Amino acid sequence: MNRAKCIAYSISDGWRGIFHNLMMSLISYSMLVGSLLVVGSLVMLVLNIDSIIEGVGDRNEILIYVSEDATDPELETVASAAARITHVESCVFVSRESALESMKEELSDYPSILEGMEEDNPLRDSFRIRVDDPENAEAVEKALSGIPKVEKVQARADVIESFLKTRSAVNLISIGLMVLLGVISFFIIMNTIRISAYTRREEIGIMRMVGAEKSMIRLSFVTEAVIITLAGSLTAYFLTMLLYNELLAKTLENTGLLSVVPFADNAFAMLAAFVAVSLVIGIAGSLFSINRYLRV
Amino acid sequence: MTRNDLEAGAASSAPVILFQNVEVTYSNDVRALNGVDLRVDEGEFLFISGESGAGKSTMIKLITGELKPTAGTLLVNGYRMDKLRAGKIPALRRTLGVVYQDFRLIKTMTAEENVAFAMRVFGARKSAIRERVAYVMDLVGLSGKMKSRPTELSGGEQQRVAIARALVNNPSLIIADEPTGNLDPIRSYEIVELLSKINRLGTTVVVITHDYELLRKFAHRVIYIEKGNLAGDRVLRETGKEPGPV
Ligand SMILES: Nc1ncnc2c1ncn2[C@@H]1O[C@H](COP(=O)(O)OP(=O)(O)O)[C@@H](O)[C@H]1O
Ligand SMILES: [Mg+2]
């Protein structure tokens with residue numbers, strides 16, 4: 001008995017199995033492509049939300065904008081009043097000029113937005129207040145809004161909070177969907193292999209009769225399943241990339257000022273995860289369904 | 001070879017099959033074999049006969065490892081079947097060729113592919129397969145039907161394909177469970193004639209049949225199974241002599 005040739009035979013047998021049973025193979029394949037595409041898109045969404053959260057800054061920060069007519073001594077007063085509030089760690093002045101500068105830097109890719117701003121700076125002088133703990137931000141906000149000449153208090157925590165809420169909702173939905181789609185894909189693969197094994201049950205019986213090893217028969221069905229799931233995961237990977245780059249990223253870029261996370265940043269991790277998932281589903285699904293045909 | 005020869009230990013070689021006080025009780029408490037002793041030596045041709053339900057197929061299942069004896073010891077081609085681990089069964093089966101009443105051919109494959117299949121699952125080389133398949137197909141007289149599918153073959157021809165498949169891996173023992181059960185008397189005779197020819201070429205052959213006509217026509221050793229017991233064991237040398245329990 002030639003082990004290597006045996007393995008080669010089992011693998012080519014698995015390949016043939018796909019076409020024996022083409023309809024079911026295509027259904028499993030499409031199901032897996034669809035599932036992974038949804039999962040992949042959700043993952044990209046989460047990554048973008050994360051990057052937005054990072055971009056917005058940390059949650060210990062509160063911005064206050066001072067009214068346009070405030071004089072320099074008044075600005076001094078605001079600064080010292082803000083610094084005296086408990087839980088305030090620091091208070092940094094950001095002039096309207098320097099605010100414009102940093103905005104220019106951030107938006108260097110969209111010079112059109114900044115047109116005319118040099119001549120007529122729409123920004124205000126502001127203070128960047130650091131709070132010792134985000135927990136205390138609310139109290140500090142209240143105290144800050146009581147200071148004269150303070151026109152607007154903007155806690156970044158609010159913005160971030162809402163992003164974080166969105167993010168955990170998306171995360172929850174993603175995880176739920178992943179599990180659901182994973183389970184569905186698993187059962188579809190299982191069924192495909194079960195049907196394949198059923199249509200070939202005579203062949204399996206004869207293989208057992210002439211003394212084929214169970215492992216070789218298993219290998220042939222595992223091959224069949226893994227080819228389907230692997231093809232599905234690779235297709236889903238490329239579709240996710242295409243969908244993201246051509247649709248999602250372009251839309252986001254066009255509508256907002258958000259910098260979109262490039263697909264390439266996470267491409268390898270996603271590919272690896274897709275392949276791993278497809279292998280697990282393919283191997284486990286086929287092994288589960290083939291055993292009952294191997295009893296003789 | 002007569003029973004007396006056996007008892008005298010005439011066979012110097014190890015037995016191909018040795019049942020010692022073998023019992024089989026199925027899970028539904030049916031006692032299919034009730035302490036059977038049987039020795040089959042290399043090169044023998046043995047008929048197993050008996051009424052339906054007597055326990056004949058159970059003996060085949062024991063030999064192929066589909067079933068383990070409830071008690072007793074059983075040796076097949078050097079394997080201790082009563083102690084055989086499941087993982088060793090494929091290796092044992094590769095030393096056997098099995099033929100069934102219903103042929104068990106794969107309908108989507110040609111005769112040639114059906115036979116080659118049994119070699120391909122072991123990863124045999126293509127050239128070796130081609131050569132060996134041609135040889136066994138010629139041996140069973142089906143050289144001209146290599147490309148025919150089972151549905152295009154008569155029952156007798158299908159059984160010949162099954163025999164070719166059983167032979168293709170050059171087993172030392174061929175067992176056939178009612179190989180003529182679905183065939184008319186002339187085809188039945190031809191099949192047993194073919195198995196006898198294979199036996200003359202050196203393979204040990206065990207054939208189950210309850211066709212007394214065949215037992216009469218072939219002068220091979222016959223054992224009778226009756227309600228799970230070995231009821232008779234004799235050699236018919238003269239055709240036409242009425243066989244039956246001793
Ligand atoms: N898998 C099984 N489970 C329970 N009883 C069985 C099974 N196979 C056979 N039997 C019983 O064992 C006895 C012997 O059966 P079998 O060996 O098939 O007889 P034969 O081949 O001589 O007709 C019969 O009574 C049959 O009903
Ligand atoms: Mg029977």
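These numbers come from a predicted model, not from an experiment. Every chain is numbered from 1 and lettered A, B, ... according to where its sequence line falls, protein lines coming before strand lines. What you see below is based on every heavy atom in this structure, not just the backbone, and it leaves out hydrogens, waters and symmetry mates.
Contacts of B:R165 with chain A are made by side-chain atoms alone, with heavy-atom separations under 4.5 Å and no backbone atom involved. At a 4.5 Å heavy-atom cutoff, the contact between A:A212 and chain B is made by backbone and side-chain atoms alike. Proximity to chain B is limited to the side chain of A:E202, based on heavy atoms less than 4.5 angstrom apart.
Formation of a donor-acceptor pair under 3.5 Å by the A:S286 side chain with backbone atoms of A:I193 is not found in this model.
Among residues 96-120 of chain B, the residues having any heavy atom closer than 4.5 Å to a heavy atom of chain A are, in sequence order, B:V98, B:Y100, B:R104, B:L105, B:I106, B:K107, B:M109, B:F117, B:A118, B:R120.
There is no side-chain donor-acceptor pair under 3.5 Å between A:T199 and A:H20.
Annotation: side chain to side chain donor-acceptor pair (under 3.5 Å) contacts involving residues 82-92 of chain B, sequence neighbours excluded, comprise B:R80-B:D82.
In summary, B:E157 and B:R187 do not engage in a salt bridge, as defined by a charged side-chain N under 4.0 Å from a carboxylate O. Ion pairing of B:D41 with B:R221 is absent here, as no side-chain N (NZ or NE/NH1/NH2) approaches a carboxylate O to less than 4.0 Å. Using a 4.0 Å cut-off between a side-chain N of Lys or Arg and a carboxylate O of Asp or Glu, B:R200 and B:E193 qualify as a salt bridge.
Under the 30°/60° scheme for interplanar angles, the aromatic rings of A:Y198 and A:Y293 are found to stand perpendicular.
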